[in-house]
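Read through the structure below, which is laid out as structure tokens, and then see the notes.
The basis for the numbers below is simple: all heavy atoms, side chains too, and nothing from hydrogens, waters or symmetry mates. Being a predicted model, the structure only gives us computed values, none of them experimental.
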Amino acid sequence: MLYEGDFSSPAGRFALVAARFNGVVVDQLVLGATDALRRHGVADDRIDVVRVPGAFEIPPVAQRLGKSGK
């Protein structure tokens, strides 16, 4: 099976959930992810970065964000 994408700007909003723990690594990952979204035409006002204390908190926060409909 072959999956292919294109470089058109995807619709909707995007949330990046990142742990504050190990900021030296995580901050660079957030910068890379936001850069990739911007390069694919996603405007800054459609990207939200949510910080949580650690990795344990990421799944419930991501689930809450997804269910919010925003």
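- Using a distance-only test at 3.5 Å, with no hydrogens or angles considered, a donor-acceptor pair links the side chain of Arg46 to the main chain of Gly12.
- In the hydrophobic cluster analysis, where Ile, Leu, Val, Met, Phe, Trp and Tyr join through side-chain heavy atoms closer than 4.5 angstrom, Leu16 is grouped apart from Leu29.
- Of the possible donor and acceptor atoms, none in the side chain of Arg64 sits under 3.5 Å from a partner among the backbone N and O of Pro59.
- Going from atom CZ of Arg13 over to atom CD1 of Ile47 covers 9.5 Å, rounded to the nearest 0.5 Å.
- Val30 and Ala18 make their closest contact through CG2-CB, 3.5 Å (heavy atoms, listed as atom of the first residue, atom of the second, distance).
- Ala19 approaches Pro53 most closely through the heavy-atom pair CB-O, 4.4 Å.
- Val52 and Val49 fall into different hydrophobic clusters, where Ile, Leu, Val, Met, Phe, Trp and Tyr are joined by side-chain heavy atoms under 4.5 Å apart, directly or via other members.
- In the hydrophobic clustering of ILVMFWY residues, with side-chain heavy atoms under 4.5 Å counting as a link, Val17 and Val26 come out apart.
- Between atom OG1 of residue Thr34 and atom CG of residue Asp48 there is a gap of 12.0 Å, rounded to the nearest 0.5 Å.
- One hydrophobic cluster, built from ILVMFWY side chains closer than 4.5 Å, cannot hold both Phe21 and Ile58; they sit in different ones.
- In summary, Arg20 and Asp27 do not engage in a salt bridge, as defined by a charged side-chain N under 4.0 Å from a carboxylate O.
- Between the Gln28 side chain and the Val25 main chain, no donor and acceptor come within less than 3.5 Å of each other.
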